[in-house]
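Scroll down for the structure; my scribbles are underneath it.
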Amino acid sequence: MAAPPPRVVSRAENLRDLLRHGLITAACCCVIAAAITASGGGRWSEQLVYSLSIGLISWFLIDVGRLLLSGQEPIRWPRGARGVVLVAVSVTIGFFAGQAIGDAWSGRPMFAFYKLGQAKMVSTIAITLAATAGISYFFYSLGKSRHMQGQLNVAQRNATEARLKLLETQLEPHMLFNTLANLRVLITTDPPRAVAMLDRLNNYLRMTLSGSRALAHPLSAEFERLADYLELMSVRMGERLRYTLDLPAELRDTPVPPLLLQPLVENSIRHGLEPKVEGGEIVVRARQEAGRLVIEVSDTGVGLDAARPSPIESDEGGEGSGFGLEQVRERLATVYGDQGRMSLAAGPSGGTLATLSFPLQPHP
């Protein structure tokens with residue numbers, strides 16, 4: 001898989017970073033002023049003005065300079081010597097300009113720090129350099145960490161997309177093989193219905209294969225595909241299959257993974273309604289509940305106990321462990337993590353009730 005493209009940082013993000021860095025710098029200046037005052041370096045108000053003037057001027061020059069010089073660098077920091085020169089020039093300008101502002105505010109002669117003792121002047125310069133270097137490195141590390149987290153998120157998203165596509169490519173042949181097996185039976189027992197079923201299958205595949213392999217589509221599209229599939233099954237089962245699809249208008253545009261519901265309906269038909277002589281009804285209903293999307297697939301078939309096949313008859317080794325149902329569980333876990341849930345239970349009036357529940361995502 002190709003490396004993810006660099007993330008483009010918007011102007012709004014740059015502005016938020018500038019403001020965040022400015023607030024952090026101001027807080028550090030306050031701490032430095034308090035420390036100098038506590039060590040007998042003068043009044044708090046004077047030290048605060050000096051510290052804020054030097055710190056904020058240096059911050060502004062460094063932060064604006066790095067945005068102008070970094071170009072397309074994802075960390076938004078100039079490479080190599082340019083970054084070092086930027087910090088050195090900015091802190092020099094900030095030191096002298098900040099000293100001038102502090103002297104003007106306190107009523108001292110311009111650049112009065114020259115008249116201080118050598119030790120005092122060296123300590124003032126050392127504090128300024130150490131604070132600037134420390135804060136600059138902190139901001140650089142913060143930007144690098146944010147960039148690496150963004151790269152990790154992109155890589156995880158790509159892995160999720162690849163897994164979902166793999167699961168979908170496994171589900172489509174599974175459905176097709178089941179349908180062809182049913183068609184094979186009809187060819188020998190009822191050729192006219194077999195032809196009608198083949199026409200339905202042709203239309204269904206045309207609509208399915210012509211659609212994009214997006215990782216999500218509206219819930220209305222999922223219900224439409226489900227209706228096509230149920231119509232296809234109705235050709236073979238006739239009046240033995242009845243169905244109801246209940247989708248509220250406010251949930252039609254809700255994004256869901258493709259082919260999420262079809263394996264549940266297939267399971268209801270194959271293990272619920274087909275073993276029952278008179279057939280039955282399938283009801284698919286969606287609703288919103290406490291910020292979650294809840295979808296129920298219920299049938300009036302033979303029920304869980306009667307529908308559970310032996311290991312010789314099927315690849316299902318237990319309740320709800322068949323291929324289609326496992327795929328649904330995996331897709332829920334891939335997209336929604338621990339927030340995606342699926343349960344199987346006996347229906348209130350017989351049959352089986354499958355319930356999906358996951359966070360209700362905003363419309364795209």
Side-chain angles (χ1 to χ4, degrees), residues 9-70 73-150:
V9 181
S10 66
R11 291 183 179 179
E13 288 179 292
N14 284 332
L15 181 59
R16 284 197 296 269
D17 281 345
L18 285 173
L19 295 176
R20 186 185 302 113
H21 293 175
L23 291 175
I24 294 174
T25 301
C28 291
C29 290
C30 292
V31 172
I32 292 172
I36 294 176
T37 302
S39 63
R43 292 185 301 170
W44 153 256
S45 58
E46 289 184 359
Q47 295 303 325
L48 182 62
V49 172
Y50 278 108
S51 182
L52 286 175
S53 299
I54 296 173
L56 292 180
I57 292 174
S58 300
W59 152 74
F60 183 78
L61 294 176
I62 291 174
D63 245 9
V64 173
R66 72 176 179 84
L67 294 178
L68 295 176
L69 296 176
S70 59
E73 289 293 328
I75 305 178
R76 305 315 306 267
W77 195 273
R79 286 180 177 268
R82 291 191 303 168
V84 177
V85 172
L86 172 64
V87 174
V89 172
S90 299
V91 71
T92 300
I93 296 174
F95 180 78
F96 285 103
Q99 286 287 344
I101 294 174
D103 290 340
W105 187 87
S106 60
R108 294 176 179 173
M110 190 68 70
F111 301 123
F113 72 95
Y114 279 123
K115 299 179 181 180
L116 299 175
Q118 183 177 3
K120 189 72 172 179
M121 186 169 63
V122 170
S123 65
T124 302
I125 296 175
I127 291 173
T128 302
L129 291 176
T132 303
I135 295 175
S136 297
Y137 181 76
F138 172 74
F139 290 157
Y140 169 80
S141 300
L142 197 63
K144 186 176 181 179
S145 175
R146 189 182 300 114
H147 167 68
M148 294 180 65
Q149 183 62 46

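Throughout, numbering of the chain's residues begins at 1 and tracks the sequence.
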Residues 25-35, side-chain donor-acceptor partners within the protein, below 3.5 Å, at least two apart:
from	atom 1	to	atom 2	distance (Å)
Thr25	OG1	His21	O	2.8

Between Asp17 and Arg66 the two heavy atoms that sit nearest each other are CB-NH2, 4.1 Å

Taking every heavy atom of Ala88 against every heavy atom of Thr92, the minimum-distance pair comes out as O-OG1, 2.8 Å

Residue set satisfying side chain to side chain contact (heavy atoms under 4.5 Å, CB included) with Leu18, at least two apart, ordered chain then number -> Asp63, Leu67

Side-chain contact, heavy-atom cut-off 4.5 Å: Asp103 with Tyr50?
yes

Value for CD (Gln47) from OG1 (Thr37), rounded to nearest 0.5 Å, stands at 5.0 Å

Rounded to the nearest 0.5 angstrom, the CZ-CG distance for Arg20 and Leu15 is 10.5 Å

The complete set of salt bridge (Lys or Arg N to Asp or Glu O under 4.0 Å) pairs with one or both residues in residues 93-102, sequence neighbours excluded, reads none

Heavy atoms of Ser90 and Ile62 approach each other most closely as CB-CG1, 3.3 Å

Report task. Please check if the side chain of Ser106 supplies one atom and the backbone of Gly102 the other of a donor-acceptor pair under 3.5 Å. Result -> yes

Which of Ile93, Val91, Ile135 passes side-chain contact (heavy atoms from CB on, under 4.5 Å) with Ser58? It is Val91

Smallest heavy-atom separation, Gln99 atom then Ile54 atom, equals NE2-CD1, 3.9 Å

